[in-house]
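Throughout, protein chains are lettered first and strands after them, A, B, ... in sequence-line order, and every chain is numbered starting at 1.
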Amino acid sequence: MKKVIVLTGPTGVGKTNISIALCKRFNGEIINADASQIYRHLNIGTAKITNEEMQEVKHHLLDIVEPHEPFSIKDYQIIGRKLIAEIDLPFIVGGSGLYIQALITDYNLDTKPRSENQYPELSNEELHQLLVSLDPDAASKIHPNNRRRVLRYLEIANERGKVEANPPHPIYDALVLCFIRNRTSLYERINLRCEEMFQNGWIEECIELRKNGVNLHQLKDIGYRLIGEYLDGNLSYKEMVEKIKQEQRHYAKRQMTWFRNKMNCTFIDLDETSIDEIITLIESFLKS
RNA sequence: GGUGGGGUAGCGAAGUGGCUAAACGCGGUGGACUGUAAAUCCACUCUCUCCGAGUUCGACAGUUCGAAUCUGUCCCCAACCA
């Protein structure tokens, strides 16, 4: 099996810096595993690496579609796997757990494209009842209020019968490192980095996006919608910044839950681990 | 110094005699998730030896079978008048 290295962790831990150091050391190339950084023009707000920061290290799957263009995890899976085949030593770097899973396991996505807005006339409860009749196991796993997921499960039930109950199997020999820090330290970093984003011109980026016809309110990526609110005068600057920091912290927390419970990974506390220790780890993985 | 107002769990804020360990919101924590994933959703959040018990609603002292809710004194807070 092909060897790949995955570097993941919650937003703000410091994946980017380390990934560059490691890629230079091992002559690797980076495949982005961050759902938001796929999009062009969303730079500052997604903490996308700059050209200078790349230091000649090759990056893939960054800036490949326009913000309004459709891009699915299925597309990601196809392109990503092709890249893995082409690159000698791929470093998959990013915090989108599901994307990583789709990339490095046999995660089944080969059905027809998603349909939209089914059953608008049904209530959450009715929808859930419908799912109970089609796939009771799946229904028991999901709360009726989670309409979006209930709809998706209904879709799966209609297309291929049942939601897959077993976890997917790896298709590569992957070393999965999840960088962490203690909560306080992580939250401080997130707050600080958020301030930096504004100093670096996040607002200007948003104004520019608007000029080019992007509807900030339609972007799912953290911050853009709130900056839209601020630009519309519905939110004070301070409120907006605080709220964005908070959403970033909440996101980091959700990521941690995923890594802990959905991913088979080695946790590395960056507050207590040197880069040399990480290098040693990778060296022994590559030799094995 | 004077007047009327206010002090409720980490924060904001309901509650104005029993149905109140105290609504709700935020924050925090844990969790779910095989396709919007930086998405979507759920649970817990006074304390403990946690299917039961113990301590709370500025402090103390009262009234009452029973008080966060009524009375008195005191301490703080913001506001207004001097």
Enquirer: Base, sugar-phosphate alone, or nothing: which one does A:Asn166 contact when heavy atoms must sit under 4.0 Å apart?
Expert: base

Enquirer: Rounded to whole angstrom units, what separation is found between the CG atom of A:Asp135 and the P atom of B:C33?
Expert: 14 Å

Enquirer: How many Å lie between CG on A:Leu98 and P on B:A38, as a whole number?
Expert: 8 Å

Enquirer: Mind checking who B:U16 pairs with, Watson-Crick or G-U wobble, both distances under 3.5 Å?
Expert: none

Enquirer: Counting only heavy atoms from other residues, nucleotides and ligands, does the tally under 6.0 Å from CG of A:Asp88 exceed 12?
Expert: no

Enquirer: Could you measure between the two C1' atoms, the one in B:G15 and the one in B:C74, and give it in whole Å?
Expert: 26 Å

Enquirer: Measuring only the C1' atom in each nucleotide, how far is B:C44 from B:C26? A whole number of Å is fine.
Expert: 16 Å

Enquirer: Reading nucleotides 26-32 of chain B 5' to 3', which nucleotides get B (base under 4.0 Å from a protein heavy atom), which S (sugar-phosphate only), which -?
Expert: SSSBBBS

Enquirer: Without decimals, in angstroms, what is the distance between A:Asn43 CG and B:A38 C1'?
Expert: 15 Å

Enquirer: Between A:Arg152 and A:Glu155, is there a salt bridge with N-O shorter than 4.0 Å?
Expert: yes

Enquirer: Show the numbers, then the answer: is there a side chain to side chain contact (heavy atoms under 4.5 Å, CB included) between A:Glu164 and A:Asn166?
Expert: CA-CA 6 Å; A:Glu164 179 59 57; A:Asn166 302 313; 3.6 Å; yes

Enquirer: Classify the nucleic acid contact of A:Gly45 as base, sugar-phosphate or nothing, counting any heavy atom under 4.0 Å across all strands shown.
Expert: base

Enquirer: Using a 3.5 Å distance criterion without hydrogens, assess whether the side chain of A:Asn261 forms a donor-acceptor pair with backbone atoms of A:Thr257.
Expert: yes

Enquirer: Any base atoms under 4.0 Å from A:Tyr99, or only sugar-phosphate, or nothing? Heavy atoms, all strands.
Expert: sugar-phosphate

Enquirer: Using whole Å, what does the distance between atom P of nucleotide B:A38 and atom CD of A:Gln255 come to?
Expert: 7 Å

Enquirer: Report the distance from atom CD1 of A:Ile73 to atom P of B:C33, rounded to the nearest whole Å.
Expert: 15 Å

Enquirer: Donor-acceptor pair, distance only, cut-off 3.5 Å: does the side chain of A:Glu277 make one with the backbone of A:Ser274?
Expert: yes

Enquirer: In Watson-Crick or G-U wobble terms, both distances under 3.5 Å, what is the partner of B:A23?
Expert: none

Enquirer: Distance check, P atoms only: B:G18 and B:U71, in whole angstrom units.
Expert: 15 Å

Enquirer: For RNA chain B, whose closest nucleotide is more 5', that of A:Pro144 or that of A:Thr46?
Expert: A:Thr46

Enquirer: With rounding to whole Å, what would you report as the distance between B:C46 and B:C81 at their C1' atoms?
Expert: 42 Å

Enquirer: Using the P atoms only, state how far B:U45 lies from B:C24, rounded to an integer number of Å.
Expert: 11 Å

Enquirer: Just name whichever nucleotide pairs with B:U40, Watson-Crick or G-U, keeping both distances under 3.5 Å, else none.
Expert: B:A32

Enquirer: Using heavy-atom distances to pick each residue's nearest nucleotide on RNA chain B, tell me which of A:Tyr153 and A:Phe71 is more 5'.
Expert: A:Tyr153

Enquirer: Mind checking the C1' distance from B:U8 to B:U16? Whole angstroms is fine.
Expert: 12 Å

Enquirer: Taking the C1' atom in each of B:G58 and B:G54, what is the distance between them to the nearest angstrom?
Expert: 22 Å

Enquirer: Quick test of your reading: applying salt bridge (Lys or Arg N to Asp or Glu O under 4.0 Å), list the pairs with at least one residue in residues 3-27 of chain A, sequence neighbours left out, ordered by first then second residue.
Expert: A:Lys3-A:Asp173, A:Arg25-A:Glu283

Enquirer: Going by an N to O cut-off under 4.0 Å, is there a salt bridge joining A:Lys48 and A:Asp34?
Expert: no

Enquirer: Taking atom C1' of B:U40 as reference, at what distance in whole Å does atom CG of A:Leu127 sit?
Expert: 14 Å

Enquirer: Output the single nucleotide from B:A38, B:C33, B:C42 whose closest atom is nearest the side chain of A:Asp221.
Expert: B:A38

Enquirer: Would you call A:Glu229 and A:Lys243 a salt bridge, using N to O less than 4.0 angstrom?
Expert: no

Enquirer: Check each residue of residues 188-206 of chain A for a non-hydrogen atom within less than 4.0 Å of any atom in RNA chain B, then write out the ones that pass by number, or none.
Expert: none

Enquirer: Could you tell me which residues satisfy ring pair (Phe, Tyr, Trp, His ring centres under 6.0 Å) with A:Phe91, sequence neighbours excluded, listed by chain and number?
Expert: none

Enquirer: Hey, could you give me each pair passing side chain to side chain donor-acceptor pair (under 3.5 Å) that has a residue in residues 125-134 of chain A? Not counting sequence neighbours.
Expert: A:Ser123-A:Glu126

Enquirer: Is the phosphate of B:A37 approached by A:Ser36 (side-chain N or O, under 4.0 Å from OP1 or OP2)?
Expert: no

Enquirer: Listing request: all ring pair (Phe, Tyr, Trp, His ring centres under 6.0 Å) pairs with a residue in residues 183-207 of chain A, at least two apart in sequence or in separate chains.
Expert: A:Phe198-A:Trp202, A:Phe198-A:Tyr237, A:Trp202-A:Tyr224

Enquirer: Please give, in whole Å, the distance from B:U36 P to A:Lys74 NZ?
Expert: 14 Å

Enquirer: Starting at atom CD of A:Glu155, determine the distance to atom C1' of B:U36, rounded to an integer number of angstrom.
Expert: 11 Å

Enquirer: Does any nucleotide pair with B:A79 by Watson-Crick or G-U wobble geometry, both distances under 3.5 Å, and what is it?
Expert: B:U3

Enquirer: For atom P, what is the distance between B:A78 and B:G12, given to the nearest Å?
Expert: 14 Å

